[in-house]
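Throughout, residue positions are numbered sequentially from 1 according to the sequence presented. The analysis underlying the following values was restricted to heavy atoms, covering all of them including side chains, and did not include hydrogens, waters or symmetry mates.
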Amino acid sequence: MLKSFLRILYVLLATAMLLTSCRGKEPVQPDPEVDPVTPPDASAECEGFYLLNQGNMGSNKATLDYFSYTTGTYSRNIYPDRNPGVVKELGDVGNDLQIYGGKMYAVINCSNLVEIMDAATAVHITAISIPNCRYIAFYNGKAYVTSYAGAKSIGDEEIGYVAEIDTVTLTLTGRRCNVGYNPDGIAVLDGKAYVANSGGYLQPEYDDRLSIIDLASMTEIKKVEHLLTNMDRVAVSSDGLLYITSRGNYHAYPQHDPPLPYIPPTVIAWDPKTETIVKDYGIGASNICMSGDSCYVIYTDFMSETGYKIINTKAKAVVSENFIKDGTDAKIRVPYAIGVYRHAGEFMIGDATDFVSPGVLYYFNADGTLKWKTDTGDAPACIAFLRKKGE
């Protein structure tokens with residue numbers, strides 16, 4: 001009796017070990033968590049929006065969420081379910097997310113790649129290797145990606161560049177353009193790319209130059225010297241100006257030779273035709289989002305100060321000192337992602353909380369009152385709207 005029991009136990013254990021061994025060779029794909037968060041909206045201009053969660057550096061936890069206007073549901077971590085054969089999933093640190101020509105491009109910084117998916121399904125198409133890639137912009141069938149090149153930490157002084165991707169063949173064209181140190185934000189206007197060189201790894205002597213690239217020849221035609229210290233984001237306003245953000249230098253450096261004063265963060269409106277600053281708004285900005293004649297600005301110093309302002313780009317004035325009207329801003333620890341749904345005037349803020357725990361997405365009505373909220377992946381960073389077919 002005992003021998004029979006032990007024989008059965010042995011068979012069960014062996015079978016369990018065999019199954020475990022076989023399973024270990026295949027990626028374990030969790031089902032996405034789906035939550036109903038709001039009533040369906042059949043009149044919505046968009047199908048929904050994707051949210052790229054950055055994930056803490058080194059954790060390999062970049063994830064993709066999706067909200068559907070047509071069903072009113074929010075789905076977390078959809079990429080493994082849509083792509084069971086991609087073992088490493090999205091990778092390490094999601095830095096930018098854009099949709100262009102029916103495809104979605106996720107810039108995964110520390111994994112050194114641009115993940116390209118079908119925009120409607122989030123199904124993997126291909127991935128393109130670009131070292132230390134940061135942000136992406138599009139023009140005339142091409143994608144342009146900023147890259148820190150080989151620079152990986154403070155003290156590295158390698159010149160960065162912009163790489164060109166053909167959005168039809170989904171390959172690097174072989175053309176690239178050297179710019180400044182640690183290029184971040186990029187925007188395209190009238191056949192030229194404008195690149196914010198941050199020099200983030202040169203602390204405390206940050207880069208302060210804006211590179212201008214002629215995209216027809218893929219050559220840098222000018223560096224605008226001494227524009228802003230440690231530049232970050234670049235966006236085009238409805239009247240053809242560039243809105244550029246600067247992180248500043250965070251604090252003074254009295255021990256530096258020569259001593260360096262504190263340079264505060266700011267946002268400027270810059271005219272690319274005259275190459276002059278039209279307006280220096282003197283406000284901090286961690287992220288910005290253009291919607292019509294409005295520039296939504298969110299700010300955090302990652303300690304205690306946060307801000308939520310709207311700039312009217314025609315009037316060149318801050319017209320809202322806080323676009324969250326119901327006190328919800330007091331609950332947001334680190335405003336990180338910003339998106340504006342123009343069709344309804346609604347907007348959303350992604351709270352990164354502590355960067356290693358699930359974040360929170362707050363979705364607001366046009367009047368600045370909270371409509372719904374839900375948990376996200378770690379450090380919600382970028383939002384991309386999926387328009388309906390034919391619109």
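Residues Tyr139 and Val179 share a hydrophobic cluster, clusters being chains of Ile/Leu/Val/Met/Phe/Trp/Tyr side chains in contact below 4.5 Å. Val236 and Ile277 fall within a single hydrophobic cluster, where Ile, Leu, Val, Met, Phe, Trp and Tyr are joined by side-chain heavy atoms under 4.5 Å apart, directly or via other members. Cluster annotation: Ile310 and Ile338 are assigned to the same hydrophobic cluster (Ile/Leu/Val/Met/Phe/Trp/Tyr, side-chain heavy-atom contacts under 4.5 Å, transitive). Linking ILVMFWY residues whenever their side-chain heavy atoms come closer than 4.5 Å, directly or via other members, leaves Met231 and Ile263 in distinct clusters. With hydrophobic clusters built from ILVMFWY side chains whose heavy atoms lie under 4.5 angstrom apart, Tyr144 does not share a cluster with Leu172.
For residues 257-273, no residue pair satisfies the salt bridge (charged side-chain N to carboxylate O under 4.0 Å, His left out) rule, not counting sequence neighbours. Within the structure, salt bridge (charged side-chain N to carboxylate O under 4.0 Å, His left out) pairs that include any residue of residues 127-139 comprise Arg134-Asp184 (at least two apart or interchain). Sorted by first and then second residue, the salt bridge (charged side-chain N to carboxylate O under 4.0 Å, His left out) pairs involving residues 275-296 (not counting sequence neighbours) are Lys222-Glu275, Asp293-Lys314.
Scored by the side-chain contact (heavy atoms from CB on, under 4.5 Å) test, Thr173 finds Lys142, Glu164, Asp166, Arg175 as partners (sequence neighbours excluded). Every side-chain contact (heavy atoms from CB on, under 4.5 Å) that Gln98 has, sequence neighbours left out, goes to Asp96, Ile136, Phe138. Every side-chain contact (heavy atoms from CB on, under 4.5 Å) that Tyr362 has, sequence neighbours left out, goes to Thr328, Lys331, Ile332, Asp351, Val360, Phe364, Leu370, Lys373. When the ring pair (Phe, Tyr, Trp, His ring centres under 6.0 Å) test is applied to Tyr161, no partner is found at least two apart in sequence or on another chain. Residues satisfying the side-chain contact (heavy atoms from CB on, under 4.5 Å) test with Ser68, not counting sequence neighbours, are Tyr66, Thr70, Thr71, Thr73.
Considering every non-hydrogen atom in both Ala149 and Gly160, the closest pair reads CB-CA, 4.4 Å. Scanning all heavy atoms of the two residues, the minimum distance from Pro261 to Pro259 falls at CD-O, 4.0 Å. Between Lys325 and Asp367 the shortest heavy-atom distance is CG-O, 3.3 Å. Residues Thr146 and Gly185 come closest through the heavy atom pair CG2-O, 4.5 Å.
No more than 12 heavy atoms of other residues, nucleotides or ligands sit less than 6.0 Å from atom NZ of Lys61. Taking a 6.0 Å sphere around CD of Glu225, one finds it holds more than 12 heavy atoms contributed by other residues, nucleotides or ligands.
Classification of Lys388 and Glu45 as a salt-bridged pair fails, no side-chain N sitting under 4.0 Å from a carboxylate O. For the pair Arg387 and Glu47, the salt-bridge criterion is not met [side-chain N within less than 4.0 Å of a carboxylate O].
The hydrophobic cluster around Leu202 extends to Ile159, Tyr181, counting ILVMFWY residues whose side-chain heavy atoms fall within less than 4.5 Å of a member. Tyr69 shares a hydrophobic cluster with Val37, Phe49, Leu51, Phe67, Tyr74, Tyr341, Met348, Leu361, Tyr363, Trp372, Ile383, Phe385; the chain of contacts runs through ILVMFWY side chains whose heavy atoms sit under 4.5 Å apart. Val93 forms part of a hydrophobic cluster together with Met57, judged by ILVMFWY side-chain heavy-atom separations under 4.5 Å. Hydrophobic cluster membership of Val34, counting Ile, Leu, Val, Met, Phe, Trp and Tyr whose side-chain heavy atoms lie under 4.5 Å apart directly or via other members: none, as it forms a cluster of its own.
Here the side chain of Arg247 pairs no donor or acceptor atom with the backbone of Asp232 at under 3.5 angstrom. Between the Asp354 side chain and the Ser357 main chain, a donor and an acceptor come within less than 3.5 Å of each other. Between the Asn230 side chain and the Gly248 main chain, a donor and an acceptor come within less than 3.5 Å of each other. For Asp65 (side chain) and Asn77 (main-chain N/O), a donor-acceptor pair under 3.5 Å exists by modelled atom type. Put simply, the side chain of Tyr336 never gets that close to the backbone of Phe355: no donor and acceptor are under 3.5 Å apart.
Asp156 and Tyr148 are not linked by any side-chain donor-acceptor pair at a separation below 3.5 angstrom, with hydrogens and angles left out of the test. Looking only at atom types and distance, the side chain of Ser211 has a donor-acceptor partner in the side chain of Asn197 under 3.5 Å away. No side-chain N or O of Asn182 forms a donor-acceptor pair with one of Asp207 less than 3.5 Å apart. Counted by atom type alone, Glu115 and Tyr79 present one or more donor-acceptor pairs between their side chains at under 3.5 Å.
When side chains are defined from C-beta on, Asn112 does not count as touching Ser129, because their heavy atoms never get closer than 4.5 Å. Taking 4.5 Å as the limit, some side-chain heavy atom of Ser238 sits within range of a side-chain heavy atom of Thr313. No side-chain heavy atom of Asn140 sits less than 4.5 Å from a side-chain heavy atom of Leu215. Within the 4.5 Å cutoff, the side chain of Thr374 has no heavy atoms near those of the Glu33 side chain. Within the 4.5 Å cutoff, the side chain of Ser147 has heavy atoms near those of the Ile130 side chain. Side-chain contact check for Asn83 versus Glu89: every heavy-atom pair is 4.5 Å or farther apart. Between Tyr299 and Ile283 there is no side-chain heavy-atom pair separated by less than 4.5 Å.
Among Asp375, Asp35, Asp81, the single residue meeting the salt bridge (charged side-chain N to carboxylate O under 4.0 Å, His left out) criterion with Arg76 is Asp35.
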